[in-house]
Chemist: 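This is the structure, below, for whatever I ask next.
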Amino acid sequence: MNSLQTLKYVFFSMTCLAAIAVIAVLMSEKIDNTKGTEHLSIFTDEVTTCYEDQPIRDDKGNISGNTNIPIIYFVTPTYPRREQIPELTRLGQTLMHVKDLHWIVADDNRECNPSLVKLLRKFGIPLTVMASPMAKRFWSDEKMKIPRGVANRRAALAWIRNNVKSGVLYFGDDDNTFDLELFDQIRYTKKVSMLPVGLIGDFGVSSPVVKKGKVIGFFDSWSADREFPIDMAGFAVSVEFLNKSPEATMPYKVGYEEDMFLKSLGLHVEDIEPVAENCTKILVWHTQTIQKPVANLRLKYEQSGTSLDKLLNELYTYGIASRNYEKGVKTYYTSGRIRTGV
Ligand code: UGA
Ligand code: MN
């Protein structure tokens, strides 16, 4: 090898090493999001209160309803997409049947959405609405890599800690299906109650396993290395128990949100209260809605002079459709065989 060749060789090796070093630094930054302790920090989230009902307080300063039964704080993370309004309509109309419930809706959004607040107020349920966006560093193109609903639930935890001393916390996603019996089952939770969730994973269900009234294990097709392999909808926590652990939080770690939150509460398997007839009844279902992109409507005129003008405006404010005058799906209405452009 002559000296020029050696020099070329050295230069090439150095370039390769530098590239490897850059890739390693970039990857370690990515990995830090999930493996470091940053995902446990409780102080970094950005939250705005969009709407809050004047809560009824009892003489101890606790928010209370008209009766002495414990209030359920039903926490719903939600995020803007085409299906958001219909999902929340269905959920709101379930919750209208439940007494002594306070609905905390936390939207994964930088700004408050007035049409969302308007819709939620319509149900007449004691309500708090927040905008609690997920920090950019946790965004990903792949849905399964996003810690979904975590920023929202953490915002709700902070609200509960600041506002209430008693009651029961339950995380109810916007797309799940809830049997009204669920609420009677979790209402008297002392520390943490648990119950089966239908339509989860390869077993079709995720549930604690109970023997002689005690939880002895978990039936869940993705147990991984989790101590509490349970879905978010499969447990409720008493506010008193939550408030005993001011540091307890939900991690930004996909798949481990439930387990690490329950561990951070200092929960032991012996403490779990099995409900839903000793975990033999399914009172909550992990239903999922098919998601479709926004309909991009190609319009001919700004005004059609028909009911469609107002109707389509509603779709735009809900994020269900967008309007365009050059491209998109051509719009028209029919009467008999006649098609009229809109
Ligand atoms: C499953 C579990 O049932 C969830 O309780 C859990 O949070 C989630 O996995 C997870 O661990 O990541 P899955 O149906 O796969 O839920 O997820 P989604 O329903 O899409 O999201 C869960 C909740 O977070 C929903 O209420 C959704 O509205 C909300 N979300 C989702 C956001 O706030 N932001 C997002 O970007 C996506
Ligand atoms: Mn879901």
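For ligands, and for the atoms within them, numbers begin at 1 and follow the listed sequence.
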Chemist: May I ask you to check whether Tyr325 and Tyr301 place their ring centres under 6.0 Å from each other?
Modeler: no
Chemist: Under 4.0 Å, heavy atoms only, figure out whether ligand 1 is touched by the backbone of Val150, its side chain, both or neither.
Modeler: neither
Chemist: Compare all side-chain heavy atoms of Leu265 with those of Leu242 and state whether any distance is below 4.5 angstrom.
Modeler: yes
Chemist: Mind checking the CE-CH2 spacing from Met96 to Trp103? Nearest 0.5 Å is all I need.
Modeler: 10.5 Å
Chemist: Is it the case that ligand 1 has an N or O less than 3.5 angstrom from some N or O of Pro77?
Modeler: yes
Chemist: Please report which non-hydrogen protein atom sits nearest to atom 4 (C) of ligand 1, along with the residue it belongs to and the distance in Å to one decimal place.
Modeler: Asp173 OD2, 3.1 Å
Chemist: Checking side-chain contact (heavy atoms from CB on, under 4.5 Å) between Leu101 and each of Tyr73, Phe183, Tyr170, which is the one that passes?
Modeler: Phe183
Chemist: To which protein heavy atom is atom 30 (N) of ligand 1 closest, and what is the distance rounded to 0.1 Å?
Modeler: Tyr79 CD2, 3.3 Å
Chemist: For ligand 1, is there an N or O atom under 3.5 Å from any N or O atom of Lys143?
Modeler: yes
Chemist: Rounded to the nearest 0.5 Å, how far apart are CD1 of Ile282 and CG of Asp179?
Modeler: 10.5 Å
Chemist: Can you name the N/O/S atom of Asp175 that is nearest the Mn ion (ligand 2)?
Modeler: OD2
Chemist: Just do the salt bridge (Lys or Arg N to Asp or Glu O under 4.0 Å) check on Arg153 and Asp173 with the steps written out, would you?
Modeler: CA-CA 10 Å; Arg153 297 191 193 97; Asp173 288 353; 3.1 Å; yes
Chemist: Is the distance between the ring centroids of Tyr256 and Trp222 less than 6.0 Å?
Modeler: yes
Chemist: Tell me, which protein residue and heavy-atom name are nearest atom 34 (N) of ligand 1, and how many Å apart are they?
Modeler: Asp108 OD2, 2.8 Å
Chemist: Only heavy atoms count here, so choose which of Arg81, Gln291, Arg148 is nearest to atom 15 (O) of ligand 1.
Modeler: Arg148
Chemist: Does Arg121 make a cation-pi contact with Phe123 (under 6.0 Å, within 45 degrees of the axis)?
Modeler: no
Chemist: What protein heavy atom lies closest to atom 2 (C) of ligand 1? Include the residue and the distance to one decimal.
Modeler: Asp231 OD1, 3.3 Å
Chemist: Counting heavy atoms only, which part of Asp174 comes closer than 4.0 Å to ligand 1: side chain, backbone, both or neither?
Modeler: both
Chemist: Who's closest to atom 6 (C) of ligand 1 heavy-atom-wise, of Glu257, Arg153, Gln84, His286?
Modeler: Arg153
Chemist: Atom 19 (O) of ligand 1: which protein heavy atom is closest, and how many Å away?
Modeler: Asp175 OD2, 2.9 Å
Chemist: Which atoms from ligand 1 have a heavy atom of Gln288 less than 4.0 Å away?
Modeler: 13 (P), 14 (O), 15 (O)
Chemist: Just need the protein heavy atom nearest to atom 33 (O) of ligand 1, so name the residue and atom and give the distance.
Modeler: Asn152 ND2, 3.0 Å
Chemist: Would you call Lys281 and Glu181 a salt bridge, taking side-chain N to carboxylate O under 4.0 Å as the test?
Modeler: no
Chemist: What are the two closest heavy atoms between Pro80 and Asp108, and how far apart are they?
Modeler: CD-O, 3.3 Å
Chemist: Closer than 2.8 Å to the Mn ion (ligand 2): does that hold for any N, O or S atom in Asp173?
Modeler: no
